[in-house]
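Okay, structure first, notes after.
Note that this is a predicted model, so its numbers are computed, not measured.
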Amino acid sequence: MSDTDGNEAASAATRNRSSSLRRALTVLDYVADYPDPAGASLTDIAQGLGLHKSTLLRLLTPLTDNGLVLRDAERARYRLGSHAAYLGGAYLDRLDLREVARGTLARLAERTGHTARLTLREADETVLVDAVEGSGPMPLRPRLGARRPLYDGAAGWALLARVDDGEVARVRQTVRTAARNDSAAENAVGDAAEEAAERLRTAVTAARRNGFALEEDGRAGPVVLGVDAAVLDHAGTPIAAVGLSGPVPGGASGASASALGAAVRAAAREVSHALGDRAGTAGGTGGPRATPPAPGSSGAGDPHRSGPTGPPARGPHRTRKGDTPMDRRQVISTQAAPQPVGAYSQAIVAGGFLHTAGLGPHDPVSGRVEGTSIAEQTEQTMRNLASVLDAHGLDFSDVVRATVHLQHLDRDFDDFNTAYELHLTPPYPVRTTVGADLANVLLEIDMTAVLR
């Protein structure tokens, strides 16, 4: 055999080992994310990942031999082993949040031109601990160590959006007390306190809906916009916020605010992932993280919402009536996007990709069409798509293809393209844009994203 033949054989063997390692790690991820504390059966894993049982057993052997996966022989189920806990603890012991976030802040500042910030929560205050100045025409220079009450500002609102309603109610009472102390007119104390508490409730609700909080400050001249999203630790606890500050035309209602929010949300998710958050919801839409339902439970969402609900993102496949035994699809469902009104899902994961349904400019809560112009409707549609992607830990940087239907192709194309482009960075996904006869909306978009 020649040297060339030997090198090619060695290279092929290396590729095969690498492929096997990646597949084994996928199995480890699946076992880690399985919602039943008793673990997953061999059939559960095989169906969820689309693997033959013989292949799966071969991949599980080194994982169980090294203590990363534990096989419960009595129940014939697999769950995380003690060595996985050891590795996780060793990783967390060596973490420094500022060091972890520094690269993310630098990339965020470079991408947007605004100043990127890292803010920590300390009891009922937020503390600015790091910042990277942007390259824009008016870079802000925030003062490190600056403290603000938790209820005051976008960073605090983003953090409160990720805690339970009881904690928010407690902080709202703190707001009332502060407003009473600050009010000069005795007969206006009650009104001022309730107005302050209502402003906080509105800000937290918006942050839960969007996955980021917005704050405007125009007292010193041009409107300065603050945009923040929560960072979660390995336990899913909101411990910090990643944010941007800078002058933005149009303020919080401007088209670029949504794009900056999407960028901050993705950055917060990146830092959270480095801290061990694995649920795919860091910096995402929605309130405090819920425990995913165990197999056999309904998984039903808000009883006041219409439309079907699917299994939790990243969770195992569940066989339903009409499914084939080896159905490899996974339904993705989120209350942060419009609910299906027919026989379709918000998104399906299959074959290494996430495929969304065609989404339009409907408000997820009210169901009403948001906006009358193509720019306004594009903004809402992109927010809805971002929420569906976020439900599986993805964002627009993972999108590889988009199909756009415009009611008025010739009239609206340029304005649509401008609003659409604000949410994306090169290399842009491939796109097909066509004219269509749509019902009461100006556009509909569906996307395909590659899984991470």
Side-chain angles (χ1 to χ4, degrees), residues 7-73 75-88 90-91 234 269-270 273-274 276-280 292 295 310-319 323-332 347-355 389 391-395 397-401 448-452:
N7 291 336
E8 289 178 351
S11 177
T14 300
R15 287 195 300 270
N16 289 336
R17 286 194 296 270
S18 178
S19 176
S20 295
L21 177 59
R22 286 194 295 269
R23 297 174 80 185
L25 292 175
T26 300
V27 173
L28 182 63
D29 277 346
Y30 191 91
V31 172
D33 290 337
Y34 200 78
D36 189 344
S41 70
L42 195 68
T43 300
D44 291 330
I45 305 171
Q47 289 184 351
L49 296 177
L51 296 172
H52 291 291
K53 289 186 179 180
S54 59
T55 301
L56 179 57
L57 284 170
R58 178 171 55 81
L59 296 172
L60 279 167
T61 298
L63 296 177
T64 54
D65 288 348
N66 287 278
L68 292 170
V69 171
L70 174 68
R71 182 179 183 272
D72 186 334
R75 299 182 183 182
R77 288 182 172 271
Y78 295 85
R79 60 179 185 269
L80 279 186
S82 59
H83 196 61
Y86 168 77
L87 293 177
Y91 174 74
H234 67 284
R269 183 166 54 244
E270 182 179 318
H273 186 76
D277 178 67
R278 297 300 305 274
R314 297 174 61 97
H317 167 78
R318 288 164 174 73
T319 303
D323 284 353
T324 62
M326 286 298 291
D327 191 342
R328 301 175 185 180
R329 300 170 300 170
Q330 178 184 351
V331 175
I332 303 302
I348 289 284
V349 168
F353 294 89
L354 181 144
H355 309 267
L389 293 168
H392 200 62
L394 304 176
D395 56 41
S397 67
D398 302 301
V399 174
V400 294
R401 184 177 186 84
T448 300
V450 64
L451 302 183
R452 297 179 181 178

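- Side-chain contact between K53 and T43 is present, with heavy atoms from C-beta onward closer than 4.5 Å.
- Partners of L57 according to the side chain to side chain contact (heavy atoms under 4.5 Å, CB included) rule, which considers only residues two or more places apart in sequence or in another chain, are L42, Y78.
- Listed here is the closest heavy atom pair of R452 and L394: CG-CD2, 3.8 Å.
- For the pair N66 (side chain) and L68 (backbone), a donor-acceptor distance under 3.5 Å is absent.
- Scanning all heavy atoms of the two residues, the minimum distance from R77 to S41 falls at NH1-N, 3.6 Å.
- Closest approach of A350 and R329 over heavy atoms only: CB-CG, 4.2 Å.
- Scored by the side chain to side chain contact (heavy atoms under 4.5 Å, CB included) test, L59 finds R23, A24, V27, L51, T55 as partners (sequence neighbours excluded).
- Residues L451 and D398 fail the side-chain proximity criterion, which asks for heavy atoms closer than 4.5 Å.
- Summarising the geometry, atom OH belonging to Y30 is positioned 6.0 Å from atom CG belonging to D44; distances are rounded to the nearest 0.5 Å.
- Rounded to the nearest 0.5 Å, atoms OG1 (T26) and CG (L21) are 9.5 Å apart.
- In this structure, the separation between CD1 on I348 and NE2 on H392 is 11.0 Å, given to the nearest 0.5 Å.
- Listed here is the closest heavy atom pair of V31 and L80: CG1-N, 3.7 Å.
- Taking the side-chain hydrogen bond (donor to acceptor under 3.5 Å, both in side chains) definition, one finds that R75 meets it with nothing, sequence neighbours left out.
- Summarising the geometry of F353 relative to V400, their closest heavy-atom pair is CE2-CG2, 4.2 Å, with the distance given to 0.1 Å.
- Between D395 and L389 there is no side-chain heavy-atom pair separated by less than 4.5 Å.
- A distance of 10.0 Å separates CD in Q330 from CG in L49, rounded to the nearest 0.5 Å.
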